[in-house]
Amino acid sequence: MHNTMRKGLLAAGVIGAITALPAWAAKDAVIAVGSNFTTLDPYDANDTLSQAVAKSFYQGLFGFDKDMKLTNVLAESYQASPDGLTYTIKLRPGIKFQDGSDFNAEAVKVNLERASNPDNHLKRYNLFKYIATTEAVDPTTVKITLKQPFSAFINNLAHPAAAMISPTALKKYGKEIGFHPVGTGPYEFVTWNQTDYVKVKKWDGYWKKGYPKLDSITWRPVVDNNTRAAMLQTGEANFAFPIPFEQAKLLEKNPRLKVVTSPSIMQRYISLNVTQKPFDNPKVREALEYAINREALTKVAFAGYATPATGIVPPTIDFAQKYPAIQYNPAKARELLKEAGYPNGFETTLWSSHNHSTAQKVLQFTQQQLAQVGVKVKVTAMDAGQRAAEVESKGQKESGVRMFYTGWSASTGEADWALTPLFATTSWPPAIFNTAFYSNPQVDKDLADALKTTDRERKASLYKDAQDKIWNDHPWIPLVVEQLVSANSASLTGFYVMPDTSFSFDEADLK
């Protein structure tokens with residue numbers, strides 16, 4: 001065959017293979033997920049999904065196993081000084097980045113200095129803002145000095161944002177590193193088609209011998225719940241999350257599939273912009289809490305795979321406070337609205353951080369419930385790009401957020417990250433995700449003081465006081481804590497949804 005023709009046919013074959021999934025590897029796992037990815041730079045991602053995908057090629061010093069227990073990854077051990085200000089971390093020796101450069105203490109220094117520099121305007125800056133200096137003592141020893149004691153520091157280093165990126169790649173790509181990831185992880189980046197998929201392939205230089213077991217992973221954002229489920233049925237996908245709750249029972253009947261239900265730390269809520277009328281009135285905010293029937297919501301939108309919220313922190317997170325259930329009482333809601341000066345209700349907007357089918361059901365249900373008490377809401381389900389542009393990047397004065405349906409999972413596994421990003425004054429967008437623009441000086445003080453103490457009773461008291469005050473200020477309509485429902489082909493093993501809705505796939509294999 002003519003050489004040019006052969007090249008043309010080969011190129012066409014490769015393009016065809018990428019288009020017609022499953023793709024071109026012998027063990028290619030296709031993972032269908034519910035939203036698009038915002039960036040492949042974990043330090044600049046506000047969403048768990050983008051960080052979960054980045055775990056294909058990136059690793060941190062520490063991490064969590066599938067049960068959210070702290071584990072060593074690129075670090076072998078650490079020691080904290082008695083005053084809680086200095087952490088000395090020993091690194092695993094002999095590890096390389098995917099571009100051939102060395103992973104060492106200097107690489108850690110480069111990454112943490114980038115993360116802790118406010119001038120870089122990275123979305124996860126708040127995880128690293130207490131770092132004063134990072135010193136490479138020797139190639140396998142890092143000394144990190146903090147500005148103040150911070151009892152959750154190692155948990156923060158285990159957050160999926162705290163990835164180790166090749167300093168060579170950082171220097172080469174700069175602000176474009178989100179499109180050119182280079183890490184120490186089991187898979188190396190192949191391509192990101194921003195509307196269709198992210199493709200990664202097995203990296204032969206991975207430091208953990210015998211891994212990864214898969215040849216490649218194709219991450220496919222599929223917004224429609226039913227389409228994700230159909231891809232499992234037809235074999236186009238090996239794993240799908242989230243599974244449409246109403247289809248879980250149907251999928252269980254397919255002998256080629258396995259449906260897995262697991263607990264989560266995913267809290268669903270509607271934040272209310274307390275700086276804008278009418279939500280600047282606490283009676284209005286409280287009224288809306290009475291206007292929504294959470295028991296019905298769990299059935300209508302989640303097919304029973306959720307439990308009504310008992311607080312503002314999911315009950316499985318340490319120091320979470322539980323409060324009496326918010327009763328559905330539309331008469332009480334109308335009474336409070338009348339007292340607040342809105343006897344005929346009002347009109348407003350309700351946005352959602354996602355546009356998948358479950359989010360749309362929540363929007364429709366909430367719209368109907370609020371209409372019964374005279375509150376007319378115009379609903380908009382956003383995709384990742386809209387959310388980044390309209391919610392995450394705008395400050396209080398220019399923000400269009402009024403009511404905002406979203407969710408949060410504390411991916412550090414402890415109470416600070418379940419509270420500070422959502423309720424501290426310093427967490428107003430664009431800094432982080434306090435979309436209520438809530439501010440209470442005593443709450444700010446409680447959250448700050450809780451990080452300065454290692455005394456468990458003192459910490460519990462401070463977190464209780466903060467949660468009590470937030471609960472009584474009503475900056476949110478707490479809704480539900482989700483259960484996680486995923487499904488996979490029986491041939492895929494070792495691929496799990498973690499309680500924070502991230503993924504664990506170190507042991508993933510296709511039989």
Side-chain angles (χ1 to χ4, degrees), residues 35-63 73-74 91 95-129 131 134 136 142 144 156-201 203 205-207 216-219 221 384-385 387-389 392-393 411 430-432 502-503:
S35 177
N36 282 316
F37 320 112
T38 56
T39 176
L40 299 182
D41 177 0
Y43 293 98
D44 206 32
N46 252 348
D47 60 304
T48 303
L49 178 59
S50 294
Q51 291 166 340
V53 172
K55 285 163 66 176
S56 310
F57 28 79
Y58 284 132
Q59 295 174 299
L61 302 176
F62 304 92
V73 184
L74 296 176
L91 307 177
I95 293 177
K96 298 277 189 184
F97 285 104
Q98 290 155 358
D99 57 11
S101 59
D102 291 330
F103 166 74
N104 52 28
E106 192 59 39
V108 176
K109 175 180 164 70
V110 168
N111 276 277
L112 294 186
E113 285 182 345
R114 173 179 182 254
S116 60
N117 183 348
D119 294 340
N120 290 326
H121 302 291
L122 295 168
K123 290 189 174 70
R124 290 306 194 187
Y125 164 72
N126 280 276
L127 282 168
F128 310 99
K129 66 183 179 182
I131 296 175
T134 305
V142 179
I144 303 167
N156 279 18
L157 290 183
H159 188 282
M164 290 296 114
I165 302 174
S166 160
T168 305
L170 275 170
K171 190 173 181 180
K172 180 177 179 181
Y173 296 112
K175 291 182 179 179
E176 296 297 305
I177 191 67
F179 299 97
H180 306 278
V182 180
T184 62
Y187 301 92
E188 58 183 316
F189 175 71
V190 177
T191 189
W192 179 15
N193 177 323
Q194 286 181 269
T195 58
D196 199 24
Y197 63 89
V198 168
K199 182 90 176 180
V200 298
K201 68 177 182 180
W203 180 43
Y206 185 47
W207 59 273
S216 66
I217 300 175
T218 302
W219 300 91
R387 182 179 72 241
E392 296 170 6
S393 62
S411 294
I432 197 161
S502 182
F503 300 108

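- The structure places OG1 of Thr184 at 6.0 Å from CD1 of Ile95, a figure rounded to the nearest 0.5 Å.
- Here the side chains of Pro221 and Phe37 are in contact, with some heavy-atom distance below 4.5 Å.
- In this structure, Trp203 and Gly185 approach most closely via the heavy-atom pair CE3-O, 3.3 Å.
- With values rounded to the nearest 0.5 angstrom, Tyr58 atom OH is found 9.0 Å from Phe97 atom CZ.
- When every heavy atom of Glu176 is checked against every heavy atom of His180, the shortest pair comes out as O-CD2, 3.3 Å.
- Checking Asp47 against Thr38 by side-chain atom types alone, a donor-acceptor pair falls below 3.5 Å.
- Atom OH in Tyr125 sits 14.5 Å away from atom OH in Tyr43 (nearest 0.5 Å).
- In this structure the side chain of Ser411 reaches within 4.5 angstrom of the side chain of Thr48, judged on heavy atoms.
- Every residue meeting the side-chain hydrogen bond (donor to acceptor under 3.5 Å, both in side chains) condition with Ser502, not counting sequence neighbours, appears here in chain and number order: Lys55.
- Here the closest heavy-atom approach between residue Leu49 and residue Ser35 is recorded as CD2-O, 3.2 Å.
- Looking only at side-chain heavy atoms (C-beta outward), Pro181 and Trp192 stay at 4.5 Å or farther from each other.
- In this structure, Trp219 has its ring center under 6.0 Å from that of Phe503.
- Atom-to-atom distance recorded for Phe62:CZ and Leu74:CG is 9.5 Å, nearest 0.5 angstrom.
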Should Phe103 and Val108 be marked as a side chain to side chain contact (heavy atoms under 4.5 Å, CB included) after you check the CA-CA gap, both sets of side-chain angles, and the distance that decides it?
CA-CA 8 Å; Phe103 166 74; Val108 176; 3.7 Å; yes
Start with the C-alpha gap between Leu91 and Leu61, add the side-chain angles, then the distance that decides, and say whether side chain to side chain contact (heavy atoms under 4.5 Å, CB included) holds.
CA-CA 8 Å; Leu91 307 177; Leu61 302 176; 3.7 Å; yes
Side-chain donor-acceptor pairs of residues 156-173 under 3.5 Å, sequence neighbours excluded:
from: Asn156; atom 1: ND2; to: Leu127; atom 2: O; distance (Å): 3.1
from: His159; atom 1: ND1; to: Ala161; atom 2: N; distance (Å): 2.9
from: Ser166; atom 1: OG; to: Asp99; atom 2: OD2; distance (Å): 2.6
from: Ser166; atom 1: OG; to: Thr168; atom 2: N; distance (Å): 3.2
from: Ser166; atom 1: OG; to: Ala169; atom 2: N; distance (Å): 3.1

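- Closest approach of Lys199 to Ser216, counting heavy atoms only: NZ-OG, 3.7 Å.
- Partners of Gln98 according to the side-chain hydrogen bond (donor to acceptor under 3.5 Å, both in side chains) rule, which considers only residues two or more places apart in sequence or in another chain, do not exist here.
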In a table with atom names and distances, give each donor-acceptor pair under 3.5 Å that connects a side chain of residues 116-124 to protein atoms at least two apart or in another chain.
from: Ser116; atom 1: OG; to: Leu112; atom 2: O; distance (Å): 2.7
from: Asn117; atom 1: OD1; to: Asp119; atom 2: N; distance (Å): 2.9
from: Asn120; atom 1: ND2; to: Arg114; atom 2: O; distance (Å): 2.8
from: Arg124; atom 1: NE; to: Ala45; atom 2: O; distance (Å): 3.0
from: Arg124; atom 1: NH2; to: Asn46; atom 2: O; distance (Å): 3.4

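- Scanning both residues, Ser50 and Thr39, for their nearest heavy atoms gives CB-O, 3.4 Å.
- Applying the salt bridge (Lys or Arg N to Asp or Glu O under 4.0 Å) rule to Lys96 yields the partners Asp102; only residues at least two apart in sequence or on another chain are considered.
- How far CZ of Phe189 is from CG of Leu40: 6.0 Å, rounded to the nearest 0.5 Å.
- For Trp207, the side-chain hydrogen bond (donor to acceptor under 3.5 Å, both in side chains) test picks out Gln59, with sequence neighbours left out.
- Taken to the nearest 0.5 Å, the CG atom of Asn36 stands 14.0 Å off from the OH atom of Tyr197.
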